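One structure is given below, encoded as structure tokens.
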Amino acid sequence: QVRLVESGGGLVQPGGSLRLSCSASGLILGNYAIGWFRQAPGKEREGVSCISRSGRSDYMTAYTDSVKGRFTISRDDAKKTVYLQMNSLKPEDTAIYYCATLLASPWTCGLRNVGVNWGQGTQVTVST
């Protein structure tokens, strides 16, 4: 059974940092592109970042414009974990963050890729 579990969320002041983790079980993580999504109250879910599957020397990554230069996605397939390092956090980053395996062409990923297996989400709140 495929299972994704997000962790690392919490309350942080504006300008602060958090690192989210997406831990996977029941699958060979390296075979999957992974995406991070978020949903704020009253808003639609949006793709935040993604990273391609393993198998080449470089990964393809993508970020939504509002987080470019502040968020960094990475993966450690040996630990079956994908990370989202979030720096310079803003109140508008407040949302529930989810990770998901993606339907993506090999060695690519996109923020519009369909998520297949989802975690339960972790709350990120940026506030004073």
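Residue numbers count from 1 along this sequence. Since the structure is predicted, the reported quantities are computational estimates derived from the model, not experimental observations. The figures that follow rest on heavy atoms only: side chains count, while hydrogens, waters and symmetry mates do not.
A continuous path of Ile, Leu, Val, Met, Phe, Trp and Tyr side chains, each step under 4.5 Å between heavy atoms, connects V82 with V124, placing both in one hydrophobic cluster. Cluster membership for I96 and V67, using ILVMFWY side-chain heavy atoms within less than 4.5 angstrom, is not shared. At a threshold of 4.5 Å between side-chain heavy atoms, the hydrophobic network of Ile, Leu, Val, Met, Phe, Trp and Tyr places W36 and Y83 in two separate groups. Grouping the Ile, Leu, Val, Met, Phe, Trp and Tyr side chains by contacts below 4.5 angstrom, directly or via other members, places L84 with L89. Residue I34 is grouped with residue Y97 when hydrophobic side chains (ILVMFWY) are merged at heavy-atom distances under 4.5 angstrom, including chains of intermediate members.
Salt bridge annotation for K90-D93: absent, with no cationic side-chain nitrogen under 4.0 angstrom from a carboxylate oxygen.
For the atom pair OG1 (T108) and CD1 (I51), the distance works out to 12.5 Å, reported to the nearest 0.5 Å. Here the straight-line distance linking atom OH of Y32 with atom CZ of R75 works out to 11.0 Å at 0.5 Å rounding. Note that the OG1 atom of T61 and the CD1 atom of I73 stand 7.5 Å from one another [nearest 0.5 Å]. Separating the SG atom in C50 from the CZ atom in F37 is a distance of 8.0 Å, to the nearest 0.5 Å. Atom OG of S54 and atom OH of Y59 lie 3.5 Å apart (nearest 0.5 Å). Between the CG atom in L102 and the SG atom in C109 there is a gap of 7.0 Å [rounded to 0.5 Å].
Taking both residues in full, the closest heavy atoms of L20 and M86 are given as CG-CE, 3.7 Å, listed atom of the first, atom of the second, then distance. Closest non-hydrogen pair, A24 versus L29, comes out as CB-CD1, 3.8 Å. In terms of heavy-atom proximity, S66 sits nearest to R38 at OG-NH2, 3.3 Å.
Note on ring orientation: taking the six-membered ring where Trp is involved, the planes of Y98 and W118 are perpendicular (angle over 60°, cut-offs 30° and 60°).
N87 and S17 form a side-chain donor-acceptor contact under 3.5 Å, judged by distance and modelled atom types alone.
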